[in-house]
Amino acid sequence: PNTVLRDLSGFHLHRGCLALGRRPDDFKIEDLLARAIRPSGESLLVVLEGLTNHDNVGGVFRNAMALGADGVVVCPRCCDPLYRKAIRTSLGAALCVPFARLPDWPAGLHWLKAEGYTLVALEPSGEAIASAARRGLPRRSALIFGTEGAGLSEEALDLVDLRLKIGMVAGMDSLNVATASGIALHHFREALVHDAPVD
């Protein structure tokens, strides 16, 4: 009964289902990168800075799984992708998409550069992502997203190779980060799919 489930868990369960699992060890960044690069050499990562809303993190993971990202990297300040609310919002994607926490932020982004990733900041001052896509997008990219209000830190922006924005109507300059991640991942996935070599 729901009353028993509520007593066991300490909160109201919307679906009447309770599970207990053993949390796996977190990936180290080097382990994540070793499995994130495809045999073709391509790779698409999502990088999150400062996201503390579990719904947003869950939404980003759902987009990452649906649009073929190879992994997610989170900064030390990001909330836990395996928190119950993030798992629920992600529709379980947080349990499927590999992720690693980058302890040394933002200097740890050099790990990604050393592996050949182009660091791409989603940032309102950048070039429109649609325009960049017409010229061709990097084959090994790490898309970096910040919070809707503060955006990415200056320290992180100093390390990026490319700044892109999502084109919007006049007077609007931002979207919810989960929405923005879906749009950006769609552009990059389309570029990888359409430019993939044919056997």
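Computed over heavy atoms, backbone and side chain alike; hydrogens, waters and symmetry mates excluded. Keep in mind the model is a prediction, meaning the values are calculated, not measured.
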> Taking the side chain as C-beta and beyond, is there a heavy-atom pair between Tyr117 and Leu109 under 4.5 Å?
Replying inline: no

>> Could you walk me through whether Leu143 and Leu164 satisfy the side chain to side chain contact (heavy atoms under 4.5 Å, CB included) test, starting with their C-alpha distance in whole Å, then the side-chain angles of each, then the deciding distance to 0.1 Å, before giving a yes or no?
In response: CA-CA 10 Å; Leu143 308 185; Leu164 297 177; over 6 Å; no

>> Determine whether a donor-acceptor pair (N or O, by modelled atom type, separation under 3.5 Å) exists between the side chain of Asp55 and the backbone of Ala86.
In response: no

> Are Phe99 and Ile29 connected in the hydrophobic side-chain network, where two residues link if heavy atoms are under 4.5 Å apart?
Replying inline: no

> Going by atom types alone, do Arg6 and Thr3 pair a side-chain donor with an acceptor below 3.5 Å?
Replying inline: no

> Would you call Val169 and Met172 a side-chain contact if the rule is heavy atoms closer than 4.5 Å?
Replying inline: yes

> For Lys113, does the NZ atom have more than 12 heavy-atom neighbours from other residues, nucleotides or ligands under 6.0 Å away?
Replying inline: yes

> Is there a donor-acceptor contact under 3.5 Å from the side chain of Ser90 to the main chain of Ile87?
Replying inline: yes

> Going by heavy atoms in the side chains, are Leu95 and Leu82 under 4.5 Å from each other?
Replying inline: yes

>> Would you say Val177 ends up clustered with Phe61 if hydrophobic residues are merged whenever their side chains have heavy atoms under 4.5 Å apart, either directly or through other cluster members?
In response: yes

>> So, taking the atom named CG in Leu45 and the one named CD in Glu115, what distance separates them when rounded to the nearest 0.5 Å?
In response: 10.0 Å

> What about Met168 and Leu122, same hydrophobic cluster or not, with Ile/Leu/Val/Met/Phe/Trp/Tyr joined at side-chain heavy-atom distances under 4.5 Å?
Replying inline: yes

> Taking C-beta and beyond as the side chain, do Arg35 and Pro98 meet within less than 4.5 Å on heavy atoms?
Replying inline: yes

> Does atom CZ of Arg140 have more than 12 heavy-atom neighbours from other groups under 6.0 Å away?
Replying inline: yes

> Step by step, would you call Leu32 with Val73 a side chain to side chain contact (heavy atoms under 4.5 Å, CB included)?
Replying inline: CA-CA 9 Å; Leu32 176 67; Val73 177; 3.7 Å; yes

> Which pair of non-hydrogen atoms, one from Met65 and one from Val97, has the smallest distance, and what is that distance?
Replying inline: CB-CG2, 3.6 Å

> Cut-off 3.5 Å, side chains only: do Trp105 and Glu49 have a donor facing an acceptor?
Replying inline: yes

> If Ile, Leu, Val, Met, Phe, Trp and Tyr residues are connected whenever their side-chain heavy atoms lie under 4.5 Å apart, and connections chain through other members, are Leu162 and Leu112 in the same group?
Replying inline: no

>> Quick check against the 3.5 Å criterion: does Asp104 have a side-chain atom that pairs as donor or acceptor with the backbone of Ala107?
In response: no

>> According to a hydrophobic-cluster definition based on side-chain heavy atoms being under 4.5 Å apart (Ile, Leu, Val, Met, Phe, Trp, Tyr only), do Val120 and Val74 belong together?
In response: yes

>> Within this structure, what is the CD1-CD1 distance for the pair Ile183 and Ile129, rounded to the nearest 0.5 Å?
In response: 8.5 Å

> What is the minimum heavy-atom distance between Asn53 and Asn56, and which atoms define it?
Replying inline: OD1-N, 2.9 Å

> Do the side chain of Arg77 and the main chain of Thr52 share a donor and acceptor less than 3.5 angstrom apart?
Replying inline: no

> Distance from Ser43 atom OG to Leu33 atom CG, nearest 0.5 Å?
Replying inline: 7.5 Å

>> For the CZ atom of Arg88 and the CZ atom of Arg62, what is their distance to the nearest 0.5 Å?
In response: 12.5 Å

> What are the two closest non-hydrogen atoms of Gly50 and Cys78, and how far apart are they?
Replying inline: N-SG, 3.6 Å

>> Would you say that Glu123 contacts Leu157 through its side chain, given a criterion of any heavy-atom pair below 4.5 Å between the two side chains?
In response: yes

> Do the side-chain N and O atoms of Thr118 and Asp161 include a donor-acceptor pair separated by under 3.5 angstrom?
Replying inline: no

> Between Glu127 and Arg135, does at least one N-O distance fall below 4.0 Å, as a salt bridge requires?
Replying inline: yes

>> Can you confirm whether Leu102 sits close enough to Cys75 that some side-chain heavy atom of one is under 4.5 Å from a side-chain heavy atom of the other?
In response: no

> Are any non-hydrogen side-chain atoms of Ser125 and Arg163 less than 4.5 angstrom apart?
Replying inline: yes

>> Is it the case that atom NE2 in His186 sees more than 12 heavy atoms from other parts of the structure closer than 6.0 Å?
In response: no

> Can a salt bridge be assigned to the pair Asp26 and Arg23 using a cut-off of 4.0 Å between side-chain N and carboxylate O?
Replying inline: yes

>> Could you tell me if the side chain of Arg38 sits less than 4.5 Å from the side chain of Asp70, heavy atoms only?
In response: yes

>> Looking at every non-hydrogen atom in both residues, tell me the closest pair between Leu159 and Pro106 and how far apart they are.
In response: CD1-O, 3.3 Å

> For the residue pair Phe145 and Leu51, what are the closest heavy atoms and their distance?
Replying inline: O-CD1, 4.1 Å

>> Which heavy atom of Ala64 sits nearest to which heavy atom of Val46, and what is that distance?
In response: CB-CG2, 4.5 Å

> Going from CZ on Arg189 to CG on Leu137, what distance comes out if it is rounded to the nearest 0.5 angstrom?
Replying inline: 14.0 Å

